[in-house]
Amino acid sequence: MLNKSFTDLLNEMAVLLELNQDNVFRIRAYQTAAQAVAALTSDIASLTREQLLEVSGIGKGIADKIEEFVKTGHVKEHDDLKEKFPAGLLDLLNVSGLGPKRARLLYDELKIDSFDKLKKAAAAGRLQKIPGFGEKIEQNILKGLHLAEQARSRMLLWEARRLVNDVLLQLRGVPGLLEIEPAGSLRRGKETVGDLDILCASRNPDALIERFTHLPSVERVLAAGATKSSVLLSGGVQCDLRVVAAGSFGAALQYFTGSKEHNVALRERALRMGYTVNEYGLYRVSDKKQAKPVAGKTEQDIYKKLGLSFIPPELRENRGEIAAAEKNRLPELLEESDVKGCFHNHTDLSDGTSSLEDMADAAEKKGWEWYAVGDHSQSLKVAGGMAPAAVRKKIEKIRALNKKRRVCRLLSASEVDILADGRMDYADDLLAEIDVVTGSIHSGFHQSEEQITGRLVKAMENPHVDCIAHLSGRLLGRREPYAFNTDKVLQVAERTGTALEINGQPDRQDLTDINALAAKKRGIPMAVSTDAHSTEQLNYMSIAVTVARRAWLEKSDILNTKTYPELLEWLKD
DNA sequence: GCCGTTTTCGGCCCGACTGTTTTCAGTCG
């Protein structure tokens, strides 16, 4: 699959073109194209020129470059640009306060092309001698340099939610506060979050900014204006606060939820309809002074005035949601309250930390109607995988427990390893006794694409395997997905009716939103799972549901929304 | 470089904050 490397190439082209001070719209076109390629599920190498040109954001120029890249592994213009600027110069753009213009100036004037040279020049006071630079900018660059060196990668959605809730709690009591809501990629439910955005409506913005910049967890104040402030929380997470009047809250929430691409498309639509939209409201273009907003108090009003049904934040990525909203054809997204149970989880019989009884109690407490209690299979020694005899004993225990339980019905489940040669880790007769069999890969990550695809296909063709867990095997920030042919695997899942899991572990989130959407298009059933290893981790269901929502999934796409009798019916099939 | 409910040419989203400057450029989101 060349898509990832080509996406990276397009993004790097955009940066290089910025340094080259190329046309800003050409630069934007490369960024848009990178987004478009990232959202494709088919390999760019497998698409015809006609198919490429159908993709919005890809025109003749980019299509040429795709063909060149597929054929030769290079793009000449990219190579030429890279030749022009030293590699270290690109790194410098990661320094906050240093954009393409200033970086270029530093390179032209002082031949600065590395963190090291930048640090020395700034410390010696040589930057402030450059026209347009001054003492403050020099100091800010030094600070930015320090931050970049201890650069924090994006945090996981789960962690971001925890951090933002902590800040919200401390701001809720500030006098004059009317509304407060997290925005940004966190509200859109992106798998990782760069920094935290919080939006408020208040009668007393000063008090809010004052409290915000003095929170105990604030390490440094980056900016503090009348309506906007940025701080660095301890641990290096940036948190931005915006304050608006109540009448603008909806417009501002829409604005700061993004995504940028969604907002650009929305504002272009607004202009075509004779409106202009900013964070304060929707205005007629003829209303030059923006005296009378047409909408602004709620997000719903903004979308309605633009002839659109309300677009849930998770869909705002400019992947066709505006066209769908126009035709009133948005999906009715899965809600966590639709979920009636979970397939994939563990107990202390393998590598979990809670007992079978405690897990079952916790599932019941979540209001679930059924719960398939799982554990690892025998090969996964590091996780205390269970031998066949232990599995049979566990099945007996579950049957006995079920006799005493009324509310949440228990089923037996197992996460069974797909071995290096594609066989399942238990014999078929045992698999037949287990209610829910989930197959997963925990070994042989470095096998070839053919081998791993073959293992997944063989597992799905086993009639006892109900579901495949964490399809790609990635761990966010730690492990790349193993090599497998997505199209082929989805094709076989469609044919065999094998379900695919959306794993809610914060560092997995696997299927990805893009693959889950591709699976939906083929009508493949999916399961949202917690993969819980303790009672608390059953709350990871919220993460799995968020991924499903980002993938446009509805109740009917998800097995967990089935009632207990419906579930038994599906398992029988 | 892309795109079309004005357009195949001429547009391309919008504003806050900061710092270096006396009206604006650069950066950021």
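Bear in mind the structure is a predicted one, so any value in this text is a computation, not a measurement. In the text below, chain A, chain B and the rest are named by the order of the sequence lines, each starting its count at 1. Keep in mind that the numbers below use all heavy atoms, side chains included, and drop hydrogens, waters and symmetry copies.
Among the protein residues, A/Ile58 comes within range of the sugar-phosphate backbone only, with heavy atoms under 4.0 Å from sugar or phosphate atoms but none that close to a base. Within 4.0 Å (heavy atoms only), A/Ser230 reaches no atom of the nucleic acid at all. Nucleic acid contact for A/Leu98: sugar-phosphate only, since backbone atoms but no base atoms lie under 4.0 Å from a heavy atom of the residue. Contacts of A/Gly184 with the nucleic acid, taken as non-hydrogen atoms under 4.0 Å apart, are absent. Among the protein residues, A/Ala224 comes within range of the sugar-phosphate backbone only, with heavy atoms under 4.0 Å from sugar or phosphate atoms but none that close to a base. When heavy atoms are screened at a 4.0 angstrom cut-off, A/Ala33 is found touching no nucleic acid atom at all. Residue A/Val24 is classed as having no contact, given no heavy-atom separation below 4.0 Å to the nucleic acid.
The shortest distance between the side-chain N/O atoms of A/Lys260 and the OP1/OP2 oxygens of B/dG29 is not below 4.0 Å. The side chain of A/Thr227 contributes an N or O atom lying less than 4.0 Å from OP1 or OP2 of B/dC17. In this structure, A/Asn140 does not reach the B/dT18 phosphate: none of its side-chain N or O atoms is under 4.0 Å from OP1 or OP2. The shortest distance between the side-chain N/O atoms of A/Tyr283 and the OP1/OP2 oxygens of B/dC14 is not below 4.0 Å. Not one side-chain nitrogen or oxygen of A/Lys228 sits closer than 4.0 Å to the OP1 or OP2 atom of B/dG29.
Open room surrounds CD on A/Glu480; 12 or fewer heavy atoms of other groups in view lie less than 6.0 Å from it.
Straight-line distance from the CG atom of A/Leu17 to the C1' atom of B/dC2: 14 Å, rounded to whole Å. Atom CG in A/Leu127 sits about 15 Å away from atom C1' in B/dG26, given to the nearest Å. When rounded to the nearest whole Å, the span between CG of A/Leu186 and C1' of B/dG29 equals 16 Å. Atom CG of A/Leu196 is separated from atom P of B/dG29 by 12 Å (rounded to the nearest Å). Taking atom CD of residue A/Gln31 and atom P of nucleotide B/dC12, one finds them 17 Å apart after rounding to whole Å. Across the protein-nucleic acid pair, A/Arg242 atom CZ and B/dG15 atom P stand 11 Å apart, rounded to whole Å. The separation between A/Lys60 atom NZ and B/dC9 atom P is 12 Å, rounded to whole Å. Atom pair A/Leu271:CG and B/dT5:C1' shows a separation of 14 Å (rounding to whole Å applied).
Under the Watson-Crick and G-U wobble criteria, each requiring two contacts below 3.5 Å, nucleotide B/dA16 is paired to B/dT27.
The side chain to side chain contact (heavy atoms under 4.5 Å, CB included) test with A/Leu171 singles out one residue from A/Leu168, A/Leu169, A/Val167, and that residue is A/Val167.
Mapping A/Phe256 and A/Val277 onto DNA chain B via the closest heavy atom, the residue that lands nearer the 5' end is A/Val277. Judged by closest nucleotide on DNA chain B, A/Ile137 is the one of A/Ser96 and A/Ile137 placed further toward the 5' end.
When the P atom is used for both B/dC17 and B/dG11, the distance is 32 Å, rounded to whole Å. Taking atom C1' in both B/dT23 and B/dG29, one finds a spacing of 24 Å when rounded to whole Å. For B/dC12 and B/dT6, the P atoms lie 14 Å apart once the distance is rounded to whole Å. For B/dT8 and B/dC3, the C1' atoms lie 9 Å apart once the distance is rounded to whole Å. The same atom, P, is picked in B/dT21 and in B/dG26; the two are 12 Å apart, to the nearest Å. Distance check on atom C1': B/dA25 versus B/dT20 gives 9 Å, rounded to whole Å.
In the set B/dG29, B/dT27, B/dC3, the nucleotide with an atom closest to the side chain of A/Arg102 is B/dT27. In the set B/dG29, B/dC2, B/dG15, B/dG15 carries the atom at the smallest distance from any side-chain atom of A/Glu279. The side chain of A/Ala223 lies closest to B/dC17, out of B/dG1, B/dC17, B/dC14. Of the candidate nucleotides B/dC14, B/dG29, B/dG1, B/dC14 has the atom nearest to the side chain of A/Asn278. Listed nucleotides B/dA16, B/dG26, B/dG29 differ in distance to A/Tyr280; the shortest reach to its side chain belongs to B/dA16. The nucleotide whose nearest atom lies closest to any side-chain atom of A/Tyr30 is, among B/dC14, B/dG1, B/dG19, B/dG1. Picking from B/dG29, B/dA16, B/dC2 the nucleotide with the shortest atom distance to the side chain of A/Ile62 gives B/dC2. Relative to the side chain of A/Arg28, the nucleotides B/dC12, B/dG1, B/dC28 differ in distance, and B/dC12 lies closest.
In plain terms, the two heavy atoms of A/Ala63 and A/Arg49 that are nearest each other are CB-NH1, 3.8 Å.
Under a 4.0 Å N-O distance rule, the pair A/Glu181/A/Arg187 does not qualify as a salt bridge.
Side-chain contact check for A/Gln509 and A/Glu191: no donor-acceptor pair (N or O, by modelled atom type) lies under 3.5 Å. For the residue pair A/Asp8 / A/Ser5, no side-chain donor-acceptor distance below 3.5 Å is found, with atom types taken as modelled.
A ring pair (Phe, Tyr, Trp, His ring centres under 6.0 Å) check over residues 22-77 of chain A, counting only residues at least two apart or in different chains, returns the pairs A/Phe6-A/Phe69.
A cation-pi contact, defined as under 6.0 Å to the ring centre and within 45° of the axis, is absent between A/Lys129 and A/Phe133.
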